[in-house]
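This report refers to the structure that appears directly beneath it.
Sequential numbering from 1 along the given sequence is applied to the chain's residues.
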Amino acid sequence: MKLVAFHSIFLRLKTCVAILSVVIASSAIAVPSNPPIANCAGDECQATNEGGFDLSQYNIPFNYSWPAPPNTSSSVTVTPGSIASNNVSGRSITLGPGNYGVIQVATSDQEFILQDGAVVEAFNITPAATRIKIRGATPRAGIIRSVTSPQYGGPQDIMFDGVHFEHTPSMTGTIGVSFHGTRVALINSSGLVGGYIPASFNYAEGALDQFICAGNRFVSDYSVAKSGTGAQSMGRIVDGRRVIFVGNWMEKVDTGAGMRFHGDRFGSEDLFIADNIFINRGQGGGGFVGVLFSLNPGGSGGSPAGHDRVTFFDNELYHNNSSNAFLHDTHPTIRATNVTFTNNRAFAPNSGFPNSEATWTISNNSTQGYRTPPSSTSKVGF
């Protein structure tokens, strides 16, 4: 009898432990991820960290998705003479040494892999392109001169990972590395250019949505290529929606503005700009700034709509110039709203950091005299 009773008690205890384990496991599964942004729906509500750069170290306050990877079913290594017949959907294409001119990307589910010695004058990303990945066979192998994409949007799921951009003195006109579309990423890459890098001039609402620019080292120098009629800015993102700009080294060598974020005709919203090094070595006097929040209507026409929901956090600005290292427009009626501006450091005669702005959270920012930027940084591993 005692043995039977003991066995019955044991079975009851075992059942309780099992139920408790399920409850604990269910509680662990129920822990929420980042809160959804307002009015998101479907895929837009799914935040992931599945790209080639770890974004989990940042507390990004809105949801986003990495570009979906291509679904390829065949692979081939090509030469400049054989790429045209192999530029088809569903194929992974390795570019051997040689100059490939302009490559039209009007397909889906493609991968382009650049070997050392491969040169692409331009990747022309058309509105029909979707699930496209462009990478180096080894980190930053090969050379890409330029990227073009439609300013009215259209491409979806475009990834540049571990590539190298480089201009030459023979290149003229307004040249840049241009990105538009939905779920676009530029990561782990390098560049020495004479124009904008990155550039995004959006002439339609949502033409750039969910853009990840992370872990890159870019240098813009007008002497490298005579871009436009004079020195261009470092880079320019106009009316971006859900832009993640983190862990980059952005260096402007000549006269001209540094990195510019515009809220123009359609406005920009949900910008997360953190953990970057911005360097502007220009000696051109007033107006040449390290980082600019601009509300000008620019080329898109209409009145500026401004910026909303911006995080500018833990950035370093190096600016050996009498102008401000940071500048935000004080438009008479339009202001950047809901901005978190914290833990930034300026090594410049004048930081330009705001002390107070309505709807801004401003704290723990510092200004020191100019000092030489570090030659290397853990933010970018090359």
Between [X] and [Y], is there a shared hydrophobic cluster once you connect ILVMFWY residues whose side-chain heavy atoms come closer than 4.5 Å?
X	Y	answer
Trp249	Tyr370	yes
Leu55	Phe272	yes
Ile362	Val339	yes
Val310	Trp360	yes

* Give the intermediate values and the outcome of side chain to side chain donor-acceptor pair (under 3.5 Å) for residues Thr148 and Asn124. => CA-CA 5 Å; Thr148 61; Asn124 181 16; 2.9 Å; yes
Between [X] and [Y], what is the shortest heavy-atom contact and its length?
X	Y	answer
Pro198	Met250	CD-CE, 3.9 Å
Pro97	Pro80	O-CD, 4.0 Å
Met234	Glu251	SD-O, 3.2 Å
Ala141	Asp116	CB-OD1, 3.4 Å
Pro374	Tyr318	CD-OH, 3.4 Å
Phe353	Ser366	CE1-O, 3.5 Å

Side chain of [X], backbone of [Y]: donor and acceptor closer than 3.5 Å?
X	Y	value
Asn216	Ser190	no
Asp109	Asn71	yes
Asn87	Ile103	no
Asn365	Asn344	yes
Asn99	Gly101	yes
Asn315	Ile273	yes
Thr107	Val105	no
Ser89	Ser108	yes
Gln110	Val88	yes
His167	Arg145	yes

* Among Val76, Ile113, Val78, side chain to side chain contact (heavy atoms under 4.5 Å, CB included) partner for Thr94 -> Ile113
Between [X] and [Y], does any side-chain donor sit less than 3.5 Å from a side-chain acceptor?
X	Y	value
Gln156	Arg183	yes
Ser92	Thr72	no
Asn338	Thr359	no
Asn343	Asp314	no

* Asked: Aromatic rings Phe278 and Phe312: how do their planes relate, parallel, tilted or perpendicular, breaks at 30° and 60°?
  -> parallel
* Anything under 30° is parallel, anything over 60° is perpendicular, the rest tilted; go ahead and classify Phe261 against Phe245. => perpendicular
* To do: Answer yes if the ring centres of Phe341 and Phe326 are under 6.0 angstrom apart, and no otherwise.
  => yes
* **Rounded distance (nearest 0.5 Å) linking atom NE2 of His319 with atom NZ of Lys252** => 12.5 Å
* Enter the distance from Gln368:CD to Arg345:CZ here, rounded to the nearest 0.5 Å. => 9.0 Å
* Short N-O contact, Arg131 and Asp157, less than 4.0 angstrom -> no
* Asked: Stepwise, does the ring pair (Phe, Tyr, Trp, His ring centres under 6.0 Å) test hold for Tyr100 with Phe112?
  -> CA-CA 12 Å; Tyr100 289 81; Phe112 294 90; 9.6 Å; no
* Ring-face cation of Arg242 near Tyr64 (centre distance under 6.0 Å, axis angle within 45°) -> no
